[in-house]
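Hydrogens, waters and symmetry mates play no part in the numbers below; they use all other heavy atoms, side chains included. Counting starts at 1 for both ligands and their atoms, following the listed order. Residues take their numbers from the sequence shown, with the count starting at 1.
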Amino acid sequence: KVQHSSAIKKKKGRRYCCGYPISIFFIVVNEFCERFSYYGMRAVLVLYFRYFLLWDDDLATSIYHAFVALCYLTPILGAIIADSWLGKFKTIIYLSIVYAIGQVTMAISTIHDITDANRDGTPDNFTFHIALSMLGLILIALGTGGIKPCVAAFGGDQFQEHQSRQLNTFFSVFYLCINAGSLLSTLITPLKSVASTLMVFIAGSGMYVKTDPEGNIMWSVCKCIGFAIKNRFRHRSSSYPKREHWMDWANEKYDKLLIAQIKMVLKVLFLYIPLPMFWTLFDQKGSRWTLQATTMSGDFVSILISTVNPILILTLVPIMDRLIFPLIQKCGLNFSPLKRMTVGMLFAAMAFVSAALVQIEIDKTLPNFPSSSESQLKVVNTYSTTLNVTISPNEHLLIESFGSSADYVTFDHQDITVSLNTNPVITKAFSLIKGGRQTLIIPSDPTVMRDFVLRHGEQWCEFSRKFGFGASYTFLIPSTVFSDDCESITEVEDMKPNSVHMALQIPQYFLITTGEVMFSVTGLQFSYSQAPKNMKSVLQAGWLCTNAVGNIIVLIVAELGKLPKQWAEYLLFASLLVAVSIIFSIMAYFYTYIDPAEIEAQVRKEQGLEPEEMEKETLEMEEKDEDQKNEQGVKQTKI
Ligand SMILES: CC(C)C[C@H](N)C(=O)N1CCC[C@H]1C(=O)O
């Protein structure tokens, strides 16, 4: 629509380039920097808990998930501040400052010198470091979460009513920037970039469309809902005529426009109830799937885990937007936002089925550990000849010199007697550990072997071995080791290396990221498009809250413990998500898409009010566009 001689045009304070407001450039770069900082910090958080604060794995993981959940709960606070009090622009500025203070506090908490009085390289006062880092994390959660719904909604505000195509593209580019930021933060040492986030955002100050907050809207909303419920309860007798919607019981006291706006928001929030389940599966990417990767072979564990999702997002978003969705539309299929989100959930469920299949493959190769009532024993022979080892009552093993039994032998009793066919026969009784694995090393015969050391005085030899992931070895070192330059060292494999390659995880990552593109990018667009003008940030916050609840479910599931078989747990989650997506699709079937601006204009008209400035501007703009189209049509006819 914007085909002028100069690609840039200025209209009523808005400047455009190629049909897009220039101001959104600053907003997407701001999001890029913010996510760079956030994901960069998040990537090293568990390591900080584990190796600096010396917390155990469970505590480190729980605090990590609690922090992530908090980051997706604070958007409610940010949205209330923005929509009711400061407006989005000022909220972003002030909360970014809180964010920066949080990052600095966190950085200070990592300097061990502050409390390391005895200079031994470790902090002396852990309480101080823990308190400081918790304060830092709370401030960061307040900052990152608080600005998140405002940035997305503020970006959307830069567009006009008729620019829905550009608006959708904006949200896709916005999502690309999130992932480009997170990808860069894992590849480059996480520089703290909140300061640049703030500077980029302020740089665009003169170009933004800033809508003023409309008083304490959240308080009005709560009072209005409260009144509707009370009034409904007061008129519960059947003698009172029914009203179309329960919110209509607020008609006596509250403005029709406010009631209409609340109805729109509640309808969408109701639709969001099943959505946390998607995030419950998505967030396990960072926990269960990471653990799964550690039981697989391949040298790119950390790279795969931290970069595959953002890389796939960067490729899949353009493919979906430019190819798949237009193609589906060309086939005459109506792939509406809620349908896309349902399909996104099904993709996530498929990702978990794929994870379960990979797990079954892994389980086949994992060592068979003893149950709590069993014991396991492996026998290593460093004697000079092959030995016949009898373990009472009926286990016979033939073990060659400098060899071992093929695998661990399992016993359902603990007391055993081992006999060797040496001359004279040696017999010894042992008591094995319940539920444990032990190795019995038959010592060398003293006539042939002598004591040795690997490095002895001037003598030394070097040897190198490549260890497989997940394997465990015992090395048998003969006394002749120096004369043959370590050639005679024998390796006994106690535990086989992982043999299922990590590349097998790629399908599950591909499926979950395809699901994410359909679910998350669409959800972002949908939340903006279905919200009334003065509650855009609130609905963005509602959307982000689904992620927080998803994280809390992961926390609860982790605390409750796992099913005995990991693949069964994956299948359980996949089935739960399928069930939830069916419920969601039924709810979506009954949802009617709305144009909030149109409804607001209609209510205003019914109330005999003037249309709002923005609406007037949009109408003017639309009229202008119509004129332009007509003009072009005339020109083309002439040609
Ligand atoms: C986990 C990835 C690094 C980022 C992910 N693809 C993503 O973009 N998001 C996950 C939660 C929502 C969204 C975000 O805003 O960070």
Side-chain angles (χ1 to χ4, degrees), residues 27-28 30-46 64-65 67-75 78 140-141 143-153 155 170-188 190 197 272 275-290 302-317 320 341 344 347-348 351 508-528 540-552 554:
I27 295 172
V28 292
N30 166 82
E31 183 66 10
F32 170 85
C33 297
E34 192 277 318
R35 289 286 100 178
F36 177 82
S37 161
Y38 172 74
Y39 280 115
M41 192 272 299
R42 230 178 80 161
V44 290
L45 196 57
V46 175
Y64 169 82
H65 277 296
F67 166 70
V68 176
L70 189 65
C71 289
Y72 286 101
L73 278 177
T74 45
I140 291 172
T144 183
I147 64 174
K148 203 153 169 53
C150 306
V151 178
F170 160 73
F171 281 115
S172 298
V173 173
F174 187 77
Y175 213 80
L176 284 180
C177 285
I178 291 175
N179 286 275
S182 88
L183 180 64
L184 206 69
S185 75
T186 45
L187 299 179
I188 302 176
T197 306
Y272 285 174
L275 303 189
M277 200 60 209
F278 173 87
W279 296 114
T280 302
L281 271 73
F282 182 84
D283 288 325
Q284 291 189 45
K285 211 169 39 59
S287 47
R288 293 274 195 269
W289 287 14
T290 309
S302 51
I303 297 287
L304 175 86
I305 292 160
S306 48
T307 59
V308 76
N309 172 266
I311 289 176
L312 281 172
I313 288 279
L314 293 179
T315 28
L316 285 175
V317 169
M320 292 282 182
M341 288 168 76
F347 266 100
Q508 69 206 52
Y509 273 100
F510 176 78
L511 288 167
I512 201 129
T513 312
T514 309
E516 184 192 352
V517 173
M518 295 203 176
F519 181 86
S520 189
V521 183
T522 314
L524 205 63
Q525 296 163 353
F526 178 79
S527 307
Y528 186 85
Q540 284 293 327
W543 163 250
L544 293 167
C545 259
T546 62
N547 198 330
V549 179
N551 254 286
I552 293 169
V554 178

Closest approach of any protein heavy atom to atom 13 (C) of ligand 1, naming residue and atom: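 Here the closest protein heavy atom is Tyr175 OH, 3.4 Å.
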
For atom 15 (O) of ligand 1, the protein heavy atom that lies nearest, with its residue and separation: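 So the nearest neighbour among protein heavy atoms is Lys148 NZ, 2.8 Å.
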
Geometric class of the Phe171/Phe174 ring pair [parallel <30°, tilted 30-60°, perpendicular >60°]: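 If you compare the ring of Phe174 with that of Phe171, the planes turn out perpendicular.
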
Determine whether the side chain, the backbone, both or neither of [X] has a heavy atom under 4.0 Å from any heavy atom of ligand 1.
X	result
Asn547	side chain
Asn179	side chain
Tyr72	side chain

Sub-4.0 Å atoms of ligand 1 with respect to non-hydrogen atoms of [X]:
X	answer
Asn309	1 (C), 2 (C), 4 (C), 5 (C), 6 (N)
Arg35	14 (C), 15 (O), 16 (O)
Ile178	8 (O), 14 (C), 15 (O), 16 (O)
Ser182	3 (C)
Glu516	5 (C), 6 (N), 7 (C), 8 (O), 9 (N)
Tyr39	3 (C), 4 (C), 7 (C), 9 (N), 10 (C), 14 (C), 16 (O)

Atom of Thr74, atom of Gly145 and distance for their closest heavy-atom approach: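 Closest pair (atom of Thr74, atom of Gly145, distance): OG1-CA, 3.2 Å.
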
Thr315 side chain vs Leu312 backbone, donor-acceptor pair below 3.5 Å: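 Pair found, side chain donor or acceptor close to backbone of Leu312.
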
Pair Gln525, Tyr175: side-chain N/O donor-acceptor within cut-off below 3.5 Å: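 Not at all, the side chains of Gln525 and Tyr175 share no donor-acceptor pair under 3.5 Å.
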
Distance, nearest 0.5 Å, that separates NE2 of His65 from CG of Leu70: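 Interatomic distance, His65 NE2 to Leu70 CG, rounded to 0.5 Å: 14.5 Å.
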
Check: Tyr528 ring centroid to Trp543 ring centroid under 6.0 Å: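 Aromatic pair excluded; centres sit 6.0 Å or further apart.
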
Among Asn179, Thr144, Asn30, Leu184, side chain to side chain contact (heavy atoms under 4.5 Å, CB included) partner for Arg35: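 By the side chain to side chain contact (heavy atoms under 4.5 Å, CB included) criterion, Arg35 pairs with just one of Asn179, Thr144, Asn30, Leu184: Thr144.
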
cation_pi(Arg42, Tyr39) dist<6.0 Å, angle<=45: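 So Arg42 doesn't make the cation-pi contact.
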
